[in-house]
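To start, the structure itself, in structure tokens.
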Amino acid sequence: MIDITLEVNGASKTLSVEPRRLLADVLRHEFGMSGVHIGCAHGACGCCTVHLDGTPRLSCLTFAVQCDGASIRTVESLGGSEADHVLQQAFKSEHGLQCGYCTPGFLMTLAPFVEEMVAQKRMPEEGEIREAMSGNICRCTGYQGIVAAVRKAVTVGLDAGAA
Amino acid sequence: MRPASFEYHRATSLDHALELLHEFGEEGRPIAGGQSLVPMMNFRLARPGHLVDINRLPLGGIEIDGQVLRIGALTRHEAYFNDPLIARHFPAFLDAVHYIGHPTIRRNGSIGGSISHADPTAELPAVAVLHDADIVVRSVQGTRKIKAVEFFLSAYVTAIEPGEMVVALEFPLPPSASTGSFIEQSERSGDFGTASIGITLQFAGGKIGKAAMVCSGADLFPIRAPEIEEFLVGKALADPGAAEAGRIFAASIDPVDDHIASADYRRGLIAELTRRAIEAACTRALDKS
Ligand SMILES: Cc1cc2nc3c(=O)[nH]c(=O)nc-3n(C[C@H](O)[C@H](O)[C@H](O)COP(=O)(O)OP(=O)(O)OC[C@H]3O[C@@H](n4cnc5c(N)ncnc54)[C@H](O)[C@@H]3O)c2cc1C
Ligand code: FES
Ligand code: FES
């Protein structure tokens, strides 16, 4: 067992973990972040995407011991239980989800992408949006609604910037 | 699935990493991005007793060192997209990187990890073989350089010995009148390729001088195509005989038959990718002339 300290969504905790434990499991079981979904546990579906020190990372391909001292954000940090983050609202209005299993991973992958587009003051091409989410699999929506949600969130961001 | 147990060690310096790898021998493995190793461990296809985390070592970076471009083992795949040296000297390399996985994979995966993992159709091993890169390997005994064509021995098997690790790759700088291209076909964007072809060309007076070609998907590791490299010498850039080159090459290989594609399909695909890659490289050469 190894002692590590993780800061998850603003709260720090020191705990003792076996090296073989995946960050995804530690976030779910030790931090109660059940928004971290595990679809495949081998990097293929993107469900388990979290932000590690600010950038998206697959928590099923990361050992918790590697993250000692790191700052981690899960989907719970985005818009809380109200899900009021602009991208979450856009997923809702544009039918970007059905069962919702894949949704936390898409949101954590795409939220920084939306931010970057808004910072660059431009609407991404459809191809760019699809490339940005190419590591995430959704079995329900057929992706159209997710692409539309990204566009909507970028539009809201651009309008807010222009106002 | 979840991994079997192991002991975790965070290397604090290169010497520390080498000492740990020396101590653990067959049971020790470096972990870089974890984008291939952790899936293998989760499936229990790999059960190393000790992981040596090299992520905090200063082994990244892309720089010119004399006559070579030196790429540190921990350079992440996404670093190539905005690198002026890669764009200027290695167009085939830059093409190839676009086919590697997805954004999150490219942000974390490293070149040292990719070539050490040695997936049969991974892009960076093919790029290393195409450009005659040297792979710089270190252990407590010292440093040795291995030619890329001698590094990849079979699917997931390389010339690295227990206790050794890759510290860098060295790509000889090509002359200015040269270019290249890389084309891949996969089942789904971001997946490992079914087959891919890389080409480099030197040119003068509208003709091809020296050429190099690499193919993934014809064998268990990336192979060069010496027959086609010779065939291309002296051909006009405007009419390089690309389709014929594709046919000749496809007739010379014996690709695998598996759940993704039959051997015949692969042969046909490789002939076509060869044609397209040669034509793409010649078009770039004409634009540069
Ligand atoms: C969904 C998915 C899709 C992918 N698609 C592609 C793709 O299309 N093309 C592609 O090329 N790759 C793809 N990858 C793999 C990715 O590129 C990996 O990043 C890469 O293969 C391994 O790099 P890494 O740094 O993650 O290495 P790790 O996973 O950390 O290590 C891989 C192996 O290399 C060893 N190793 C690591 N660093 C060193 C070193 N410096 N010296 C010696 N040994 C070392 C490890 O011990 C291990 O055996 C994909 C991965 C996933 C999960
Ligand atoms: S659970 Fe991590 S990528 Fe599928
Ligand atoms: S909403 Fe069901 S998998 Fe995406």
I want to check something: taking the side chain as every heavy atom from C-beta on, are A:Pro19 and B:Glu7 in contact at a cut-off of under 4.5 Å?
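The answer is no; the side chains never approach within 4.5 Å.
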Less than 4.5 Å apart, side chain to side chain, heavy atoms only: is that true for B:Leu51 and A:Phe63?
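The answer is yes, as the side chains (C-beta and beyond) meet within the 4.5 Å cut-off.
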Can you measure from CD1 (A:Ile137) to NE2 (B:His102) and round to the nearest 0.5 angstrom?
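Output value for this atom pair is 7.5 Å.
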How long is the gap from CG on A:Asp68 to CG on B:Asp53, to the nearest 0.5 Å?
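So the gap between those two atoms works out to 11.0 Å.
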In terms of heavy-atom proximity below 4.5 Å to chain A, should [X] be classed as side chain, backbone, both, or neither?
X: B:Asp191; value: neither
X: B:Leu37; value: neither
X: B:Met41; value: side chain

Are more than 12 heavy atoms from other residues, nucleotides or ligands located less than 6.0 Å from atom [atom1] of [X]?
X: A:Gln120; atom1: CD; answer: yes
X: B:Phe81; atom1: CZ; answer: yes
X: A:Lys13; atom1: NZ; answer: yes

Side chain, backbone, both or neither: which part of A:Phe113 has an atom under 4.5 Å from a heavy atom of chain B?
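Neither part, no heavy atoms under 4.5 Å.
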Select one option (side chain, backbone, both, neither) describing which atoms of A:Leu22 are under 4.5 Å from chain B's heavy atoms.
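Looking at A:Leu22, just its side chain touches chain B.
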Side chain to side chain contact (heavy atoms under 4.5 Å, CB included) for A:Val65 and B:Arg10? Distances and angles first, verdict last.
CA-CA 9 Å; A:Val65 283; B:Arg10 178 178 294 145; over 6 Å; no
Between B:Asn42 and A:Cys60 (side chain of the first, backbone of the second, donor and acceptor by atom type, cut-off under 3.5 Å), is there such a pair?
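Yes; at least one donor-acceptor contact below 3.5 Å.
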Set of residues satisfying side chain to side chain contact (heavy atoms under 4.5 Å, CB included) with respect to B:Pro39, sequence neighbours excluded:
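Scan of B:Pro39 (side chain to side chain contact (heavy atoms under 4.5 Å, CB included), adjacent residues dropped) gives A:His42, A:Leu61.
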Test: side-chain hydrogen bond (donor to acceptor under 3.5 Å, both in side chains). Region: residues 15-40 of chain A. Which pairs qualify, not counting sequence neighbours?
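Output for this query lists A:Asp3-A:Ser16, A:Glu18-A:Arg20, A:Arg21-A:Glu30, A:Asp25-B:Arg2.
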Compare every heavy atom of B:Arg56 with every heavy atom of A:Gln66, then report the nearest pair and how far apart it is.
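Shortest heavy-atom contact: O-NH2, 3.7 Å.
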Nearest heavy atoms of B:Thr104 and A:Thr109, plus distance in Å:
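Smallest interatomic distance, heavy atoms only, reads OG1-CG2, 4.5 Å.
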